[in-house]
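Note sheet for the following structure.
Heavy atoms only: backbone and side chains are in, while hydrogens, waters and symmetry mates are out. Order of the sequence lines fixes the chain letters, A, B, ..., with proteins taken first and strands second; residue numbering starts at 1 for each chain.
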Protein chains: 2
Amino acid sequence: MKPTNRRPLTLRDVSEASGVSEMTVSRVLRNKGDVSEATRLRVQEAAKRLGYVPNKIAGALASQRVNLVAVIIPSLGNMVFPEVLSGISDVLSGTDLQPVVGVTDYTPEKEEKVLFEMLSWRPSGVIIAGLERSEASRAMLAQAGCPVVEIMDVDGEPVDACVGISHRRAGRKMAEAILENGFKRIGFLGTKMPLDHRARKRFEGFTQTLAKAGLEIADQEFYSGGSALAKGREMTEALLKRTPDLDFLYYSNDMIGAGGLLYLLEKGYDVPGQIGLAGFNGVELLDGLPRKLASMDACRREVGERAAKIIADRVADPDADEGLVIELTPKLHPGETLNRI
Amino acid sequence: MKPTNRRPLTLRDVSEASGVSEMTVSRVLRNKGDVSEATRLRVQEAAKRLGYVPNKIAGALASQRVNLVAVIIPSLGNMVFPEVLSGISDVLSGTDLQPVVGVTDYTPEKEEKVLFEMLSWRPSGVIIAGLERSEASRAMLAQAGCPVVEIMDVDGEPVDACVGISHRRAGRKMAEAILENGFKRIGFLGTKMPLDHRARKRFEGFTQTLAKAGLEIADQEFYSGGSALAKGREMTEALLKRTPDLDFLYYSNDMIGAGGLLYLLEKGYDVPGQIGLAGFNGVELLDGLPRKLASMDACRREVGERAAKIIADRVADPDADEGLVIELTPKLHPGETLNRI
DNA sequence: TTGAAAGCGCTAACAG
DNA sequence: CTGTTAGCGCTTTCAA
């Protein structure tokens with residue numbers, strides 16, 4: 001089967017093939033307005049026979065409406081974002097809206113570019129991760145003329161609506177749980193990403209609560225690139241070599257936490273008796289680990305669902321929910337690496 | 001910062017603000033044609049000051065060109081596809097083309113829908129996973145009037161171009177390696193997905209090679225849904241409980257393989273002395289496992305890169321590479337769970 | 001180097 | 001229920 005037709009078909013072709021006016025053909029193809037059953041059938045038959053695919057570009061220009069929702073996230077490799085997407089996608093599939101994904105690689109420059117590119121298609125809404133961005137990006141969002149939902153974080157000033165958790169609060173909560181369990185010599189392992197503001201806020205909340213208890217991070221280690229699982233091992237080894245008396249390791253994500261856990265169990269550490277562990281995100285992966293890693297669930301699916309809901313509602317009624325801020329509560333999963341009974 | 005302007009700006013607004021004709025404004029904004037430095041600056045200043053974002057819908061309709069490449073894949077949760085995407089994205093970022101992702105959830109119906117939806121935006125090219133699809137989908141691709149690259153598999157009849165590995169060959173190759181190492185009682189663990197044609201073909205190639213050696217799969221187990229790592233554990237346990245004398249387990253993906261590996265090591269099995277293991281995909285994750293799982297690399301990144309290259313070349317020159325088929329060679333990574341020296 | 005006119009393929013609005 | 005008439009905001013083409 002080889003490409004046959006260079007010129008894509010137009011409404012006119014269907015109109016001629018069916019002997020019905022373009023306008024009526026358009027009505028049939030959009031299920032809009034009343035059309036007699038007879039004409040409907042003739043048109044549908046002709047459209048299908050010819051293999052007509054409507055031109056949404058022309059349709060969008062004429063109707064001034066585009067059923068696309070721009071979804072802008074930092075990365076797809078993270079497991080976290082696909083889950084948000086799937087929440088969005090589930091909700092939107094109940095409407096006629098369609099998500100379109102753009103990726104920023106955690107850089108404000110790329111974000112600006114992607115945002116500009118997507119807005120130039122005049123989407124019906126924008127869902128975008130985080131609250132920190134360039135002035136130019138904020139300006140574009142403010143002028144977009146469509147609903148904007150910033151997601152995954154609520155610690156900051158949204159342009160419009162906002163759904164997420166407070167990462168500062170999440171960091172504090174984890175610190176409290178660790179302190180309650182009597183851990184004192186705490187190490188931190190994270191990513192070398194100054195632009196991951198959510199990780200930064202968790203870290204701030206974490207250290208802040210430790211400080212209140214008169215403690216500080218005893219040692220820390222950062223990585224970038226490579227297999228997170230392998231890096232978790234390496235960093236854990238390096239950290240404990242340098243500071244052997246640590247009794248707790250707080251990882252900025254579950255993947256490196258899992259690597260650390262595997263390493264410690266292999267080396268015969270008593271977890272959590274001798275050393276406690278916790279990660280962040282509550283990823284599904286944890287279920288298969290030899291011991292369940294403590295973590296905190298960032299409500300990723302729900303974030304996606306709520307954000308999509310806000311867009312859908314606003315598309316239906318432009319005044320609904322303007323500037324709405326939804327703070328979700330991250331749940332602590334103590335797993336088997338945090339509680340010393 | 002609140003949304004200020006309901007009506008998005010048009011070229012005309014910039015034209016009026018700068019005192020330059022719409023046409024010349026358009027030229028400046030697209031770097032097309034000769035414009036005097038003076039006018040160029042005035043226009044750029046005005047556009048930036050107003051925060052003008054061009055309307056690509058109108059532009060695309062007028063110019064009959066869209067710089068979008070439709071990328072259609074079964075899932076984002078799989079880790080495999082984000083890697084392909086990143087290959088595509090890397091290559092396209094060197095052009096003015098932009099990928100747009102659609103997800104089919106491994107169903108032909110959703111694929112048909114997504115494909116129709118994307119084609120109705122008249123993309124410059126289509127990259128789509130797999131070779132098996134409904135007649136309607138094939139027809140749409142054939143009529144699309146743009147380059148089409150089917151990826152990840154070469155065992156079948158492409159509509160146009162094609163880049164991937166032969167999964168049948170991959171299955172055979174793995175079987176050969178297993179046989180060479182003297183394993184005889186082989187179990188298979190996979191997903192319950194009749195529509196995952198690539199997994200099916202690997203399985204066929206695998207059993208076919210076993211058959212030539214007078215062997216067959218001794219037992220098998222399938223799963224669907226849930227944490228793949230956890231499922232890998234459960235299935236492994238179930239399989240060995242039922243058929244304790246297996247000496248090799250072939251997993252249809254690395255994640256369940258990793259779960260199985262963790263389970264076996266925990267239970268004190270001698271791997272690969274007592275029982276050998278292999279997965280498929282060569283995911284990065286494997287580097288952090290206690291013992292490196294044997295696997296086979298599906299060249300995911302390269303597949304993405306090559307596919308994007310084909311599209312880019314064809315956009316530049318419509319006659320380039322038509323119907324090109326590129327078969328990549330999957331590499332076997334024996335890891336530490338296959339070779340008994 | 002700049003501008004004016006004529007659509008791109010479709011749909012809103014109105015008339016029959 | 002069906003058709004006609006005007007654009008949507010931009011770019012192509014041609015003229016100045």
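Within the structure, side chain to side chain donor-acceptor pair (under 3.5 Å) contacts touching residues 57-70 of chain B (residues at least two apart or in different chains) do not occur. Residue pairs satisfying the side chain to side chain donor-acceptor pair (under 3.5 Å) criterion with at least one member in residues 48-58 of chain B, sequence neighbours excluded, are listed as follows: E117(A)-K56(B), E45(B)-R49(B).
Five base pairs at each end of the helix from dT1(C)-dA16(D) to dG16(C)-dC1(D) define two local axes, and these are offset by 30° (rounded to 10°).
Straight-line distance from the CZ atom of R12(A) to the C1' atom of dT11(C): 16 Å, rounded to whole Å. In this structure, CG of L11(B) is placed 14 Å from P of dA4(C), rounded to the nearest angstrom. Spacing between atom CG of L41(A) and atom C1' of dC1(D) amounts to 15 Å, rounded to whole angstrom units.
R301(A) has a carboxylate O that lies under 4.0 Å from a charged side-chain N of D90(A), or vice versa, which qualifies the two as a salt bridge. Looking at K309(B) and E305(B), no side-chain N of the basic residue comes within less than 4.0 Å of a carboxylate O on the acidic one, giving no salt bridge. For D105(A) and K110(A), the salt-bridge test passes: some basic side-chain N is under 4.0 Å from an acidic carboxylate O. Remark: R314(A) engages D160(A) in a salt bridge, criterion side-chain N to carboxylate O under 4.0 Å.
Comparing D34(B) and R122(B) along DNA chain C, the residue whose closest nucleotide (by nearest heavy atom) sits nearer the 5' end is D34(B). Map A62(B) and S36(B) each onto its nearest nucleotide of DNA chain C; the residue landing nearer the 5' end is S36(B).
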task = For the pair V149(A) and I128(A), evaluate side-chain contact (heavy atoms from CB on, under 4.5 Å) and give the outcome as yes or no after the intermediate values.
result = CA-CA 6 Å; V149(A) 185; I128(A) 183 167; over 6 Å; no

request  = Quick one: do L85(B) and L76(B) satisfy side-chain contact (heavy atoms from CB on, under 4.5 Å)? Show the steps, please.
outcome  = CA-CA 10 Å; L85(B) 287 185; L76(B) 280 172; 4.0 Å; yes

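A sub-4.0 Å separation between OP1 or OP2 of dG9(D) and a side-chain N or O of Q64(A) is present.
Listed by chain and number, the residues in a side chain to side chain contact (heavy atoms under 4.5 Å, CB included) with S93(B) amount to none (sequence neighbours excluded).
Between R133(A) and the options E112(A), H197(A), E111(A), a side-chain hydrogen bond (donor to acceptor under 3.5 Å, both in side chains) holds for only E111(A).
Residues from residues 49-61 of chain B placing a heavy atom under 4.0 Å of any atom in DNA chain C, listed by number, are L61(B). Interface residues of residues 17-33 of chain A facing DNA chain C, ordered by number: M23(A), S26(A), R27(A), R30(A); criterion, heavy-atom separation under 4.0 Å.
Between R30(A) and S26(A), the side chains place a donor N or O and an acceptor N or O closer than 3.5 Å (distance only, hydrogens not considered).
Across all strands, R65(A) comes closer than 4.0 Å only to sugar-phosphate atoms, never to a base (heavy-atom distances).
Closest contact between the side chain of T39(B) and the listed nucleotides dT11(C), dT2(C), dC10(D) involves dT2(C).
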